[in-house]
Amino acid sequence: MTTGTAEATGVDTPGPASRPVTPPTGEPRPAALMRAAATWLPPLLTVEGLVMYVLALRVSPGPLRGVDVTQIDGLGLISALPGAAFAAILLMIMAFFVTIAQNTDRKFLLLFQISAITFALHGASALINSEPRFHTAYVHAGFVEFIARTGESSPILDARFAWPGFFALVAFITRAAGITDLTTIMQWTPLLSNLLYLLPFVLILRQVVATTRARWFAALLFVIVQWIGQDYFSAQGFTYAIYLAFVAILLRWFGRVEPRRAPMPAKGRLRRLLARLDGLTPGELSHSTGVYDRSIMLILLIGLFVTATASHQITPFMMLGALTGLILLRRCSLSWAMPFFLGLIVLAWISYQTTTFWSGHIEQLFGGLGRILDNLQSNTGDRIEGSDPKHALVLMARLGICAVILLLAATGLLRRLRRGVGDRAALLMLCIPVLALGLQSYGGEIGLRIYMFALPGACILAAYAFFPNLPSSGADGSDETVPIRKRNIRFDPRLTRRISLLLAAGCALVLSMAFLVARYGNEQFERVSTGEVAAMHYIYEHDEPSGRVLYLVPLIGEEVTPTIPWGERDFDKIRYEQVLVDKNPVVISSVIDKLTLSPGNTYLVVSRGQAAYLQLNHGFPADWDKRFRVALDSSKALKRVYSNQDAAVYTLRAQPPAAQIPEPVNLRGPGDRSSPATPIGLAALVLAWAALFAYQLVRLRDADRPAKAGRTLMWVAAPAFVVAVAVIAERFIVIGLSQAP
């Protein structure tokens, strides 16, 4: 890149707002205060917007303030938000852009402003509702309660117990702290998770070659387009933070940037393309760190990977893909031994620790391999079906946000390429998650997980759509460098920067409003009321020695999650089963038949959330809930044992003579069945891990010339790795294809 004067290179000199202002001696205090407005006004506006937002949501409902949850319709929470809340969000976002317009890197202020916006967008439900949002969070609390009570996990009860790392960690911490009620933790987990995600993502942003505006706008985008809601009290939300930390460590302590090379004449399109790519300016920074520091970070890297492997099914594959891709694209100094080392950890965990999950059910584990179109269909077309016209807008808003962020990412990538910059790391983080489509549908949610894991790379590239320039080599890094391009009309850099800021601010405002629709569009049935929780607590008090809960579904299927706060307690004592209901609320014969055929201690739960789900997604009448409860109350075969405004619990008035309460399910199961070669495989695993790790430590000393000890270690690691993988395959064949216990 050519350098020269500010006029020649397009470097924009700092404006008045970016320089410290020294008021003349004797200047009146009000005038001096106004001169310093650029310093104190942005934080003041942010605090004012934050206070305004909290008051708007917490005060009693009234004109332009307060939230009446009974007014929530098919659009979700946005239909009940007061005007003051929107004004507060607008104020905080505009204060953020006032700060980045100053052309100075005010790190702490910008981080505070993004945190305030995060609080407004991701903490809305916690401010409004008295109970934690999202029904699946309650079953995860039940997993924690079960592990804390019994000291073990049982995949017989649920497949997620085969990956108990997150639940066991929370159980240990809460038990040590004497915490028995997780309600407050669950309620604020979405906000705390997103604040936690910001820390490693900001570290990732500091490793890319970009201006201050681009970096912080990418951080803002990361907050306002993450609508999918996987940040609740869950293993996925926990391991996503681990994934971001894993990538941040790779780029910061093991980043590798080769010097730019002039394109060499080459034959063939592919060779010419590769030569041109090598001639691009790297879009990442490299850091020189000592062997001791990198050895410590390598151990931390492995620890993060092991924690993710023991906690979640998808996340370790995303981490492994990121590492492999960075090595392949020559953006990581780690050797190829590490992908094999970490890959062996994943295979070993699945083979040896989750046997109860996949033994006899091998189709569940590998059935989705290669079925890309089927997996995609189950995550797109199946999720835009609905009956309520307003709710259909919510589903389209989600697809619209995805389309916008991908379009901006493509635009940013092209604008950077025009400036001769190759952003390999950001492009890799965007593309690697897409490969998961070839693995599984993941219960119809793999598309959501792909979007979530692709967001870091997408947001970085999307920021370049507005701020593609490179930072100057100045000490403060506040200026920008625009390479001279042939046949390019040169505009005043100050004008183009102002236009870019205005466009970015407009985009952020639109996306923040779309976020409220996309994130809280299901609030009618994802919101949990105190009455619904109380109804489930009644069942927990009457589930000895076991119990059964029937929840309402329009169709009987395997992937229907209960729309009730289920499983918070006694997960080993209660079974949850579906009962078919009709759009005509008077037709309750299927409910009575199901209760009659069920054993004693079987309860039917009718709740506001289930009725809202049936209405929005399956076209049930708006007053179906009330009419259905009237029909149940009128039935001579049923009796209501508990009720409140939001939920009711029913059971048979008289149990059949043969009805008995069964004993709780056997938690032990068949155990981890072995295969003939299992002992050999375990020994090979230990040997392969030791040799691969030692080899990587040797390579940390001299990455270019492996020592003789390194070559010897590879001669040990290679055959041990082959034997370990062969035994893992043998276990899948011998155990997996056998009859299920």
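This is a predicted model, so every value here is computed, not measured.
Looking only at side-chain heavy atoms (C-beta outward), Trp216 and Leu111 come within less than 4.5 Å of each other. Residues Pro282 and Val209 are not in side-chain contact: their nearest non-hydrogen atoms beyond the backbone lie 4.5 Å or more apart. Counting only heavy atoms from C-beta outward, the side chains of Val247 and Met429 approach each other to under 4.5 Å. You'll find the side chain of Ile117 stays beyond 4.5 Å of the side chain of Ile89, heavy atoms only.
Between the Tyr240 side chain and the Met452 main chain, a donor and an acceptor come within less than 3.5 Å of each other. Not one N or O on the side chain of Gln236 forms a donor-acceptor pair closer than 3.5 Å with the backbone of His312.
Checked options Ile499, Leu221, Leu503, Thr411; the residue passing with Phe466 is Leu503 (criterion: side chain to side chain contact (heavy atoms under 4.5 Å, CB included)). Here the options are Val394, Leu393, Ile401, the test is side chain to side chain contact (heavy atoms under 4.5 Å, CB included), and the partner is Val517; only Val394 passes.
At a threshold of 4.0 Å, the pair Asp231-Arg519 counts as salt-bridged, since one of the basic side-chain nitrogens sits closer than that to a carboxylate oxygen.
The nearest pair of heavy atoms linking Pro200 to Ala248 is O-CB, 3.7 Å. Closest of all the heavy-atom pairs between Gly283 and Val421 is CA-CG1, 3.8 Å. Across Ala88 and Gly49, no two heavy atoms sit closer than the pair CB-O, 3.3 Å. Between Arg215 and Ala210 the shortest heavy-atom distance is NE-O, 3.6 Å. Shortest non-hydrogen contact noted between Val225 and Cys459 is CG2-SG, 4.0 Å. Across Arg331 and Gly422, no two heavy atoms sit closer than the pair NH2-O, 4.4 Å.
With sequence neighbours excluded, the residues forming a side-chain contact (heavy atoms from CB on, under 4.5 Å) with Leu41 are Leu45, listed by chain and number.
In the model, Gln207 has a side-chain atom that pairs as donor or acceptor with a side-chain atom of His287 under 3.5 Å.
Surrounding CZ of Phe86 are more than 12 heavy atoms belonging to other residues, nucleotides or ligands, all under 6.0 Å away.
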Could you walk me through whether Leu427 and Arg424 pass the side-chain contact (heavy atoms from CB on, under 4.5 Å) test, one step at a time? CA-CA 5 Å; Leu427 184 60; Arg424 298 185 187 181; 5.9 Å; no
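Taking the six-membered ring where tryptophan is involved, the planes of Trp188 and Phe119 are essentially parallel, since the angle between them stays under 30° and well short of 60°. Below 30°, between 30° and 60°, or above 60°: for Phe222 and Phe201 the angle between ring planes is below 30°, a parallel geometry.
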